[in-house]
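Counting starts at 1 for both ligands and their atoms, in listed order.
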Amino acid sequence: MTPSAAQLEATLSDPGRRWVILTGAGASAASGIPTYRDRAGKWLGSEPIKHQDFIHNPHHRQRYWARSMLGWPGVRDAQPNRLHKALAAFETTGRVGLLITQNVDRLHQQAGSQQVVDLHGRLDRVRCLDCGAGYEREDIQQRLLAKNPQHPRITGVVRPDGDAEIPQSAIERLAVVDCDACGGMLMPDVVFFGGSVPKARVAQCEQAIQNADGVLVVGSSLQVFSGFRFARQAKQLGKSLIIVNEGITRADDLADLKIEQQAIAHLTEVLETISPPRSRTPAQG
Ligand code: APR
Ligand code: ZN
């Protein structure tokens, strides 16, 4: 075990310390969901949709739903990996105050984590912006497929937010679906670029950090302020900040300990040593 992995184990195994865990796309990479950025922090793939464009521009909404119709199954069918399960087992040891995830794939919940805040929402839920009605994303998927029988093929990488590259012609043909209850505009229950995380959700995360001994960042570049602010808050409060990420992050200069090489594998092994997985078949993860 490398010295930093040994230091990681010594720190996380201390039963008297409670952690807030902040995960990003790197935590779901082993589940087949690609990251938004590469190890150098460079954005991968096409321009993400912006909140205002979705709300005000029907062409942007059409583009979103056409690409999401193809990209959603990749996120829907993803399974929790060993890290998700190790984090869930770690929570059972009483060392986790809260798990904040920037991911929208709900894999932490599927792995058994109980105290989870989906900071950027969840892709498996859709809501009506006019009447607030809630829908399962899969129900909307079936309605989209029924209304758009000519399914275009995927031409590029499926992205972590369920976005997929498809021909422009397929986008222009897409008929969107509206709210069953009021005919209003449907939107996935996620925070788009330019959107804001609900204040109560941020406050819950900040409170958990106040009550914890440190923040453990896992698989995030911290490039967006939404996640970065929690790493910064930990240091402002004099708490520990550990970053386990296979790439640079925006908070590297603040970290007390940073692990990059084989980061996810090391953390998974350390967590499994501290809190043996409840049940895992070799095929999983
Ligand atoms: N395994 C583990 N980590 C990886 C892998 C891999 N195969 N590939 C890349 N990584 C690392 C990258 O180096 C990157 O630093 O995972 C990190 C993931 O960072 P991002 O892709 O930036 O994801 P995240 O930090 O979660 O992004 C935060 O930004 O785009 C918005 O709203 C979106 O929630 C997202 C937020
Ligand atoms: Zn409605």
Side-chain angles (χ1 to χ4, degrees), residues 21-51 54 75 78 81-84 86-87 99-108 117-123 126-135 139-140 143 157-163 176-197 201 205 215 217-231 243-252 255 258-268 285:
I21 299 170
L22 173 64
T23 66
S28 292
S31 297
I33 298 179
T35 57
Y36 294 94
R37 298 170 184 86
D38 65 14
R39 286 167 169 76
K42 188 168 115 355
W43 181 264
L44 302 164
S46 55
E47 196 58 22
I49 190 155
K50 293 185 180 56
H51 181 85
F54 184 93
V75 177
N81 59 53
R82 272 180 69 182
L83 172 68
H84 291 115
L87 286 167
L99 188 152
I100 304 167
T101 186
Q102 299 172 94
N103 302 335
V104 294
D105 55 33
R106 93 267 182 233
L107 291 177
H108 288 299
V117 167
D118 298 293
L119 189 67
H120 296 155
R122 286 177 45 159
L123 204 59
V126 172
R127 61 190 167 85
C128 173
L129 295 179
D130 294 286
C131 73
Y135 297 88
D139 294 345
I140 302 302
R143 289 178 55 199
V157 172
V158 174
R159 304 185 35 63
D161 50 3
D163 187 29
V176 300
V177 294
D178 299 317
C179 174
D180 270 341
C182 75
M185 189 191 298
L186 296 180
M187 180 170 156
D189 193 12
V190 297
V191 179
F192 285 139
F193 271 85
S196 48
V197 178
R201 197 180 291 172
C205 297
V215 171
V217 176
V218 184
S220 175
S221 67
L222 296 177
Q223 288 300 321
V224 290
F225 178 73
S226 177
F228 170 74
R229 67 179 136 194
F230 299 127
I243 299 178
V244 175
N245 187 54
E246 296 182 13
I248 60 168
T249 83
R250 185 171 164 185
D252 281 354
K258 166 80 188 287
I259 298 187
E260 267 197 57
Q261 296 307 323
Q262 297 291 315
I264 299 296
H266 276 320
L267 175 64
T268 303

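What sits closest to atom 10 (N) of ligand 1 on the protein, heavy atoms only, is T35 CG2, 3.8 Å. Q102 OE1, 3.3 Å is the protein heavy atom nearest to atom 28 (C) of ligand 1. Among all non-hydrogen protein atoms, the one lying nearest atom 8 (N) of ligand 1 is R39 NH1, 3.4 Å. Ranking protein heavy atoms by distance to atom 29 (O) of ligand 1, first place goes to R37 NH1, 3.2 Å. Looking only at heavy atoms of the protein, atom 6 (C) of ligand 1 is closest to A29 CB, 3.6 Å. Among protein heavy atoms, the minimum distance from atom 3 (N) of ligand 1 is reached at G26 CA, 3.7 Å. In terms of protein heavy atoms, atom 19 (O) of ligand 1 is closest to S221 N, 3.2 Å. Looking only at heavy atoms of the protein, atom 17 (C) of ligand 1 is closest to N245 OD1, 3.3 Å.
For the side-chain contact (heavy atoms from CB on, under 4.5 Å) with V190, the lone residue among L123, D118, V126 that qualifies is L123. Partner of V218 under the side-chain contact (heavy atoms from CB on, under 4.5 Å) criterion, out of I264, I243, I259, L99: I264 alone.
Summarising the geometry of V197 relative to S226, their closest heavy-atom pair is CG2-OG, 3.7 Å, with the distance given to 0.1 Å. Closest heavy-atom contact between S220 and N245: N-OD1, 3.2 Å. Shown here for E260 and I248, the closest heavy-atom pair between the two residues is OE1-N, 4.2 Å.
Side-chain contact check for W43 versus S221: every heavy-atom pair is 4.5 Å or farther apart. By the 4.5 Å heavy-atom criterion applied to side chains, H266 and V244 are not counted as neighbours. The side-chain heavy atoms of F192 and M187, taken from C-beta on, include a pair separated by under 4.5 Å. With a 4.5 Å cut-off on side-chain heavy atoms, V104 and V75 do not count as touching.
With a heavy-atom cut-off of 4.0 Å, D161 does not touch ligand 1 at all. Of all the heavy atoms of F228, none lies under 4.0 Å from any atom of ligand 1, so neither backbone nor side chain is involved.
Which parts of ligand 1 touch V224 is read off a 4.0 Å heavy-atom cut-off, strictly below it: atoms 28 (C), 29 (O), 36 (C). Proximity to I264 (heavy-atom distance under 4.0 Å) selects the following atoms of ligand 1: 2 (C). Contact atoms of ligand 1 toward W43: 30 (O) (distance under 4.0 Å to a heavy atom of the residue). Of all the atoms in ligand 1, the ones that sit under 4.0 Å from a non-hydrogen atom of G24 are 26 (O).
With respect to the salt-bridge test (charged N to carboxylate O, under 4.0 angstrom), the residues D189 and R127 qualify.
The closest approach between a heavy atom of G227 and any atom of ligand 1 is not below 4.0 Å. Using a 4.0 Å cutoff on heavy atoms, H120 counts as a contact of ligand 1.
Residue-to-ligand polar distances keep V191 apart from ligand 1: every N/O pair is separated by 3.5 Å or more.
Side-chain atoms of H120 come within 3.5 Å of backbone atoms of Q102 as a donor-acceptor pair (strictly under, hydrogens ignored).
One finds an angle of 110° at the Zn ion (ligand 2) between SG on C131 and SG on C182, to the nearest 10 degrees.
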